[in-house]
Amino acid sequence: MLIYSHPVCRKHENENDVMLPHPERPERLDAVEAAIERFPADRYEAVEAPLGEKSDYELAHDPRYVEAIFSQAPTDSGVLRVDGDTSLNRYTIEASRRVVGAAKAAVDEVLSGPERRAFLATRPPGHHAGPCQPRGFCVFNNVAIAAYYAIRHHGLERVAIVDFDVHHGDGTEEIVANSDAVRFFSVFQHPFYPYSGIPPLADNCFPIGLPNMTDGEAFRKGIEESVWFETLRDFRPQLLLFSAGFDAHKNDPLGGWLLEDEDFAWLTREAIAAAGGDDLPVVSLLEGGYDLEGLEDSVLAHLKALDGDAG
Ligand SMILES: [Zn+2]
């Protein structure tokens, strides 16, 4: 497996509210790093995330939006809020370009082999960012850029996105709705921020909304009883992308669910099995997850499942 990261991803910061640290903070990557250190060293290669290009963003975003964000980003020590809970600092653009560069490189690598699995230990996250809108700690939609990169540059005709962040991936859905080449699967707390997802925007989107206090048993039942696995089997994706949020963990301060590490591993394994199994190219991109211990343990469980550990 390939694991992409870059030190600048730790330097992007959101503006804190008075007395309260912003939940999407640099220390999250320390927790992810701790998980990687617990993963067997002979099972992965650490790769420095390359720099994506400004033009890559136009795969998923309006060029005017890309220009507006790039030109507004601070060049001094200031922090600019671009949404109620999303900010830019002087490192945000480079951090974001490392995420996009890693996403492209990871897609290239898993499609060409021999490594079929990649994980992006990067921030800022992306799944709430719409075609022209920052939202919910997200400025640019990394997973949508990865999907359209695979479609435009590798000619793929079938890309599946599985989003298990506790929040609906509204930005991703806005971008991929009605795309013939993409199927979007999102499981999320409902009703809950960002209050979207049900009904879906288009027939290529497969939402599962489950209530506050959903535990692992209800989570697995909700997914097993949905159309997800049969739809993945019928679709036979050439690439599977995970929007890997871990804020459904039972200790997460934002999410209202009660999942444990093994529940994330279960979904990872089952989605891969339904979508194509061991040879399936898979790239997983970090989204949410705000309890640092829960994040560390959940990322480790997810990595093992990505690597093919039967659990
Ligand atoms: Zn989230």
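Note that ligands are numbered from 1 as they come in the structure, with each ligand's atoms numbered from 1 the same way. From a predicted model like this one, the values you see are computed outputs, not experimental measurements.
- The atom of Asp165 that is an N, O or S and sits closest to the Zn ion (ligand 1) is OD1.
- Put simply, Asp247 gets within reach of the Zn ion (ligand 1), with an N, O or S atom under 2.8 Å from it.
- Taking backbone and side-chain atoms together, His167 has an N/O/S atom less than 2.8 Å away from the Zn ion (ligand 1).
- In this pair, His61 and Tyr65 present their aromatic rings tilted. The plane angle is within the 30 to 60° band.
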inquiry  = Please evaluate residues Thr172 and Phe184 with respect to the criterion side chain to side chain contact (heavy atoms under 4.5 Å, CB included), reporting the C-alpha separation (whole Å), side-chain torsions for both, the decisive distance (0.1 Å), and the verdict.
reply    = CA-CA 8 Å; Thr172 307; Phe184 179 56; 3.6 Å; yes
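- Remark: side-chain polar atoms of Arg116 are paired, donor with acceptor, to backbone N or O of Leu111 under 3.5 angstrom.
- There is a path of hydrophobic side-chain contacts, each under 4.5 Å, that joins Phe164 to Leu240.
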